[in-house]
Amino acid sequence: MSTYSFENIKRNNNLFRLLKHPQNSNEPHSHNFLELAYLTDGTCTHILNGKSTTLIPGDYVIIDYNSVHCYNCGDSKPFTLIDCIFKPEFIDRSLKNCNSFKNLVSSYQIGIDYSSLSFNPTDYTFHDNNGFIKQLLMLMIYEHDNKKSGYFDIARYSLSQIFIMTLRELSGMNRNRLSELVKYMIDSCKNRYNEKKLLDSLSRELHYAKPYLSTKFKNEFHKNFKDYLLDIRIDNACRLLTNTNKNVSEVAMLVGYNDVSFFIKTFKLKTNITPEQFRKTSQAPISFS
């Protein structure tokens with residue numbers, strides 16, 4: 001099995017490649033980047049992590065880091081793909097250390113509650129029922145090829161839109177199964193993550209004991225309230241470190257930490273680097289060509 005490296009496929013220092021091309025059968029392989037593959041013409045069998053699916057025009061798949069996949073068209077003619085390969089930091093610099101589709105779509109830029117999805121989207125074949133996903137991909141190709149002013153932003157916003165449109169129905173189906181109480185807790189985490197003792201506040205507001213709220217949240221949402229709030233706080237800390245000049249102490253306060261040392265320790269446990277190291281790497285120049 002081959003392992004494809006983004007460093008060997010990319011052009012120059014860009015974090016993104018997009019092309020429409022004919023494709024024949026190939027050997028099983030994995031890669032250290034994300035890929036969105038959209039079938040425009042022909043048919044083929046796509047084998048992903050051992051599961052075979054027949055693709056028809058309008059089908060598209062999202063291939064995660066280290067997933068093993070290949071295409072097989074048998075005796076048929078070559079099929080045509082729009083193939084988008086990219087690193088998550090193409091969407092936003094703060095995703096420099098992101099290495100999974102789950103972390104990408106859970107980030108503040110896209111904002112999907114991954115744990116609320118009814119199945120793993122990187123194990124699924126989607127179909128473009130109204131052709132709008134193809135339109136967005138063709139827009140990205142046009143911007144990529146013509147490189148007019150603002151093409152970089154149009155391309156990354158289009159890709160974000162594809163993911164939001166693809167996943168919001170899956171997210172909505174499971175959200176509808178949650179109680180109003182847990183929905184309120186989820187929304188409070190997103191909107192009030194900077195409150196120092198959010199669960200205490202919710203306990204007073206909702207007139208429930210903290211242990212009851214924590215247990216109900218875990219039973220319905222399948223994630224600890226503390227861990228969910230931590231993910232949102234660190235995600236927003238990454239956003240601030242990347243897109244503002246606020247110092248680490250200010251960032252800590254803005255995401256709910258009075259103790260800067262504790263914030264730095266927590267940040268490093270979550271990302272494996274310090275806030276200052278993250279800022280240095282996330283603000284390094286990037287190019288798109």
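- Residues forming a ring-ring contact (aromatic ring centres under 6.0 Å, His included) with Phe79 (at least two apart in sequence, or on another chain): Tyr71.
- Remark: of the listed residues Phe126, Tyr157, Phe101, Phe101 is the sole one forming a ring pair (Phe, Tyr, Trp, His ring centres under 6.0 Å) with Phe163.
- By the salt bridge (Lys or Arg N to Asp or Glu O under 4.0 Å) test, Glu27 is found to be paired with no residue, residues two or more places apart in sequence or in another chain being considered.
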Margin query: Apply ring-ring contact (aromatic ring centres under 6.0 Å, His included) to residues Phe152 and Phe16 and explain how you reach the verdict.
Written below: CA-CA 10 Å; Phe152 180 92; Phe16 171 84; 8.4 Å; no

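- For residues 192-203, the pairs satisfying salt bridge (charged side-chain N to carboxylate O under 4.0 Å, His left out) are Arg192-Glu195, Arg192-Glu205, Asp200-Lys210, with sequence neighbours left out.
- Not counting sequence neighbours, the partners of Lys270 by the salt bridge (Lys or Arg N to Asp or Glu O under 4.0 Å) test are Asp231.
- With sequence neighbours excluded, no residue satisfies side-chain hydrogen bond (donor to acceptor under 3.5 Å, both in side chains) with Asn26.
- Residues Tyr124 and Ile63 fall into different hydrophobic clusters, defined by Ile, Leu, Val, Met, Phe, Trp and Tyr side chains chained together at heavy-atom separations under 4.5 Å.
- Hydrophobic cluster membership differs between Val105 and Leu48, with clusters built from Ile, Leu, Val, Met, Phe, Trp and Tyr side chains linked at under 4.5 angstrom.
- Applying the ring-ring contact (aromatic ring centres under 6.0 Å, His included) test to Tyr208 and every residue at least two apart in sequence or in another chain returns Tyr212.
- By the 4.5 Å heavy-atom criterion applied to side chains, Ile162 and Tyr38 are not counted as neighbours.
- Listed by first then second residue, pairs satisfying salt bridge (charged side-chain N to carboxylate O under 4.0 Å, His left out) with a partner in residues 213-222 read Lys216-Glu220, not counting sequence neighbours.
- The aromatic rings of Tyr257 and Phe262 lie tilted to each other, with the angle between the two planes from 30° to 60°.
- Qualifying salt bridge (Lys or Arg N to Asp or Glu O under 4.0 Å) partners for Asp83, counting only residues two or more places apart in sequence or in other chains: none.
- Tyr142 pairs by the side-chain hydrogen bond (donor to acceptor under 3.5 Å, both in side chains) definition with Lys148, not counting sequence neighbours.
- Both Leu230 and Val255 are assigned to one and the same hydrophobic cluster, defined by single-linkage of ILVMFWY side chains at heavy-atom distances under 4.5 Å.
- Ring-plane geometry between Tyr228 and Phe217 is classed as tilted, the angle between the planes lying from 30 to 60 degrees on a 0 to 90 degree scale.
- With sequence neighbours excluded, the residues forming a side-chain hydrogen bond (donor to acceptor under 3.5 Å, both in side chains) with Thr122 are Asn120, listed by chain and number.
- Within the structure, the side chain to side chain donor-acceptor pair (under 3.5 Å) test picks out the following pairs touching residues 53-62 (sequence neighbours left out): Asp59-His127, Tyr60-Thr166.
- Using a 4.5 Å cut-off between side-chain heavy atoms of Ile, Leu, Val, Met, Phe, Trp and Tyr, Met253 forms no hydrophobic cluster with any other residue.
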